[in-house]
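Here the structure is laid out as structure tokens; the discussion comes afterwards.
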Amino acid sequence: MSLSGPHIMNTGVAESALEKPILESIAVSKHFHSEAGLFQRKKPPVQAVNEVSLAVRRGETLALVGESGSGKSTLGRVLLNLLKPTAGDVIYEGRNLGNLPADKLRQVRRDLQIIFQDPFASLNPRMSVESIIGEPIWLHRDDSRSARQDKVAELLRTVGLAPEHGSRFPHEFSGGQRQRIGIARALASEPRLILGDEPVSALDVSVQAQVVNLLEDLKHQFGLTLLIVAHGLAVIRHMSDRVAVMYLGEIVELAPVNALFETPFHPYTQALMAAVPVSHPDLRRPRPLLGGDMPSPSKPPSGCRFHTRCPHAKPLCREVKPVFETVEPGRQVACHYWREIANAGAGSLIVPTPSAAYSQRLNLFKSHQALSLESQP
Ligand code: SF4
């Protein structure tokens, strides 16, 4: 028995195919309306996602990052057709998911799977591991019971568990093992794309690396495309090929991972990157001061949505919404003043000029060293 299906590849993905989007959102919005009570005024809708256009390339790992409330999880769920968009289109393999009949949508559901954040809440405690992993196989294929059991055993081995674990229940496993079960369940329908919604943030740090490495191995083994929603920047840097930064329901910067971490252009990306530790002791990153909290998505600010917190905001930012423009091949940013900000070196890694007190201490240390060397026989 093999997990290789018609769309699961054990070899690399052709170069040209990598460039074609497997999944795309075109001006997608998702607004949540709340019902007003009898004597209450109607509340404005929560604009969780606002006119986002994004293409996920086949075979890549694309990360969606941003603070809580930035809309990254909602966008991921809209892309997977788990939430219907309020406006705009989601295109999977050239087909508009909004126009697909129910039987074709069922096939799409098989191709697009999700790994949830909380491995404790996402598994039914009353179901055995075999039933949990076998359910998608039962739903999407006509396999016999023994073939299903064989497939579950193979999936358990694939994610680093033993076939005997199939008869146990979720509470008998650790957090990392439960997430492996969640990954096996996602793989059971032989998907093409997996959305990892904060896949490791609920796990111990010691287990996070194991699950990240497992996801990477599986991506290469089965030719998967990964869409990772996360706020842990270390995980994103390790795993992703490209990163889309979201703020208040909109993408403000999209770039290859190394370019983004080396020279973030958007002031919001710069603020996020300032929290990432730098590995070289002589390098520093300036820390822009972000004022206040994220505004309510029910009443987003006019113009640039980031202007209430941006240290570089000018009057134009309050009036005019910046265009999400291509600033380099493969790189887009939504900021009126990104060029000036980049030219001023904001956000880039710098070698800091030592302060007068630091230089004094350094000279004292050097002269002390020289004295002790001279006094040696
Ligand atoms: Fe800041 Fe203005 Fe750029 Fe928005 S457009 S990020 S407010 S400088």
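Indexing begins at 1, ligand by ligand and atom by atom, following the structure's order.
At least one N/O/S atom of Cys304, whether from backbone or side chain, sits less than 2.8 Å from atom 4 (Fe) of ligand 1. Atom 1 (Fe) of ligand 1 lies under 2.8 Å from an N, O or S atom belonging to Cys310.
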| said: Quick one, Lys321 with Glu250, criterion salt bridge (charged side-chain N to carboxylate O under 4.0 Å, His left out). Give me CA distance, side-chain angles, the key distance, then yes/no. | reply: CA-CA 11 Å; Lys321 185 177 167 127; Glu250 295 180 347; 2.5 Å; yes
| Can you check ring-ring contact (aromatic ring centres under 6.0 Å, His included) on Phe173 and His165, steps first, answer last? | CA-CA 9 Å; Phe173 294 91; His165 288 138; 5.4 Å; yes
| message | Under the criterion side chain to side chain donor-acceptor pair (under 3.5 Å), I'd like the reasoning laid out for Arg305 against Gln47: C-alpha separation, chi angles, the key distance, then a yes or no. | response | CA-CA 12 Å; Arg305 291 189 168 198; Gln47 300 179 22; 2.8 Å; yes
| said: Go through it in stages, so that I can follow the logic: the residues are Glu262 and Arg331, the test is salt bridge (charged side-chain N to carboxylate O under 4.0 Å, His left out), and I'd like the CA-CA distance, side-chain angles, deciding distance and then a yes or no. | reply: CA-CA 13 Å; Glu262 274 159 30; Arg331 190 154 190 193; over 6 Å; no
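The atoms of ligand 1 that sit less than 4.0 Å from any heavy atom of Tyr337 are 8 (S). The ligand atoms of ligand 1 that sit less than 4.0 angstrom from a heavy atom of Cys317 are 2 (Fe), 5 (S), 7 (S), 8 (S). The distance from ligand 1 to the heavy atoms of Cys335 drops below 4.0 Å at these ligand atoms: 3 (Fe), 5 (S), 6 (S), 8 (S). Near Pro267, with a cut-off below 4.0 Å to any heavy atom, the atoms of ligand 1 are 6 (S).
When hydrophobic residues (I, L, V, M, F, W, Y) are linked wherever their side-chain heavy atoms come within less than 4.5 Å, Val205 remains an isolated member.
Summary of contacts: the protein heavy atom closest to atom 5 (S) of ligand 1 is His336 N, 3.4 Å.
In the hydrophobic clustering of this structure, Leu54 does not group with Ile236; members are Ile, Leu, Val, Met, Phe, Trp, Tyr whose side-chain heavy atoms approach within less than 4.5 Å, directly or through other members.
The part of His266 lying near ligand 1 is the side chain, judged by heavy-atom distances below 4.0 Å.
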